[in-house]
Protein chains: 2
Amino acid sequence: MADGISERVRPRDRILETAQDMFHKHGIKGVGVDAITEAAGTNKMTLYRHFESKDDLIIECLRATACKAAAIWDAFEAEYPGDKLAQLHAWVRKASEMLANDSRGCDMANAAVELSETNHPARRVIKELKEAQRERLVNLCREAGVGQAELLADTLSLLLEGARVSLQSVGAEGPSAQFVRMAEGLIASFKAR
Amino acid sequence: MADGISERVRPRDRILETAQDMFHKHGIKGVGVDAITEAAGTNKMTLYRHFESKDDLIIECLRATACKAAAIWDAFEAEYPGDKLAQLHAWVRKASEMLANDSRGCDMANAAVELSETNHPARRVIKELKEAQRERLVNLCREAGVGQAELLADTLSLLLEGARVSLQSVGAEGPSAQFVRMAEGLIASFKAR
DNA sequence: CTAGGGTGTTACCGGTCTGTAACGTCACGA
DNA sequence: TCGTGACGTTACAGACCGGTAACACCCTAG
């Protein structure tokens, strides 16, 4: 009792957490605000007191997800302080774990697919956050002593993005099964130059 | 006059063509059957006389799209008969053209993202068609004289898939801009072994 | 000419969606 | 004690969704 996990959390945070989970599992257009609030143990009015609209909730969810991703990056630095190459390998390992444990891919990429309107407010945010992640991977590659850091980072980035979407369309036995092999091969190849 | 393109085409084919286009541009859940039939110059009743349901229409659209893709593959064989390596390079060129001219990615991958329900009837079809394309690319790589044909084919496959989804989330200046360079580098690298 | 199948039109059903209004409740702090 | 603000509840608006019924029309094959 008084576990402090689900009871004392503010409705806004419960909504945000639940929405992230449900958007991830069922897609943005696949879940309504009613379902979110019910699963969060609250109601629609409370949601609209904390978020201007569903679009606003979507954006806040994407930001929160990006925040969690950033925390994972920080964990690499904490685990292998200063050893950028080890951090790069940790990135590959973490990516393959995600491929193994979750078949719904990247929230931002999925959102970009679902929200096809070019002027949708979430698209700006998606682009921002994705570019930030790209820059972080480029820096990691560069500091790991790779010559063509941008090219390696972009290649790894596309490989992972492709693996996550392929996982959804072809399944776990598809091309994504070879992700680690491909990524490690690439890193070795770029290091050798 | 009597151009025979839009006038004499049967309603079913107009619906199928229009639905492909609209699903591609706006996503599956982003367009309703009313909008499709209106754009196709017909009405909802006629649609439901030719297709059991919207899900059925979706599936037929995916099959039709796969058919068009298969025709593109056939064009490679027609253009470079017997020269499998040239056909592989043509595949890369064609892929980069698609990346340049269309920012909405692969219909099947997008559909897999949107239709998150694991039992959705379209998912079987998506998997089938994607596996067929994978096999075709593997064969092309093998017959082009590549040692690890499966690995190269899967890597190229993930790269393209990633480029198409990255194009939607980050834009044309993102990692997808380097697709040709990556793909050609990979092919050269695999050929060299 | 006639019969029938493919098509167009209108209206409708039941459901779901986002978003809002009005009101009731409860805890907490001055 | 009082009041203030956060939260819950109910009801509803207005739009859109997929899908169906009933009927009128027209072209063509026989």
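Quick note on labels: first sequence line is chain A, next is B, and so on, each numbered from 1. Side chains included, hydrogens not; waters and symmetry mates left out as well; all remaining heavy atoms used.
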Distance check: side-chain N/O of [X] vs OP1/OP2 of [N], anything under 4.0 Å?
X        : N      : answer
His50(A) : dA6(D) : no
Thr46(B) : dT7(C) : no
Thr42(A) : dG8(D) : yes

Q) Can you find an N or O donor on one side and an acceptor on the other, under 3.5 Å apart, linking the side chain of Arg49(B) with the base of dG8(C)? A) yes
Q. Is there a donor N/O on one and an acceptor N/O on the other, under 3.5 Å, for the side chain of Lys44(A) and the base of dG19(C)?
A. yes
Between [X] ([atom1]) and [N] ([atom2]), how many Å, whole number?
X        : N       : atom1 : atom2 : value
Ile36(B) : dG18(D) : CD1   : C1'   : 11 Å
Asp13(A) : dA6(D)  : CG    : P     : 15 Å
Met45(A) : dC12(D) : CE    : C1'   : 13 Å
Asn43(B) : dG6(C)  : CG    : C1'   : 11 Å
Leu47(A) : dT18(C) : CG    : C1'   : 11 Å
Leu57(A) : dC17(C) : CG    : P     : 15 Å
Tyr48(A) : dT9(D)  : OH    : C1'   : 17 Å
Ile15(A) : dA6(D)  : CD1   : C1'   : 12 Å

Would you mind checking if [Y] and [X] are paired as a salt bridge, meaning a charged N to carboxylate O distance below 4.0 Å?
X         : Y         : result
Lys68(B)  : Glu17(B)  : yes
Asp107(B) : Lys25(B)  : no
Arg142(A) : Glu150(A) : yes

Q: Hey, which sits more toward the 5' end of DNA chain C by its nearest nucleotide, Gly41(B) or Asp34(A)?
A: Gly41(B)
Q: For Glu77(A), enumerate each residue passing the side-chain hydrogen bond (donor to acceptor under 3.5 Å, both in side chains) test, keeping only those at least two apart in sequence or located in another chain.
A: Lys84(A), Gln87(A)
(Q) Looking only at the side chain of Val33(B) (C-beta and beyond, no hydrogens), which of the listed nucleotides dT9(C), dG18(D), dG19(C) gets closest? (A) dG18(D)
Q. Heavy-atom count around Glu117(A) CD within 6.0 Å, excluding the residue itself: above 12?
A. yes
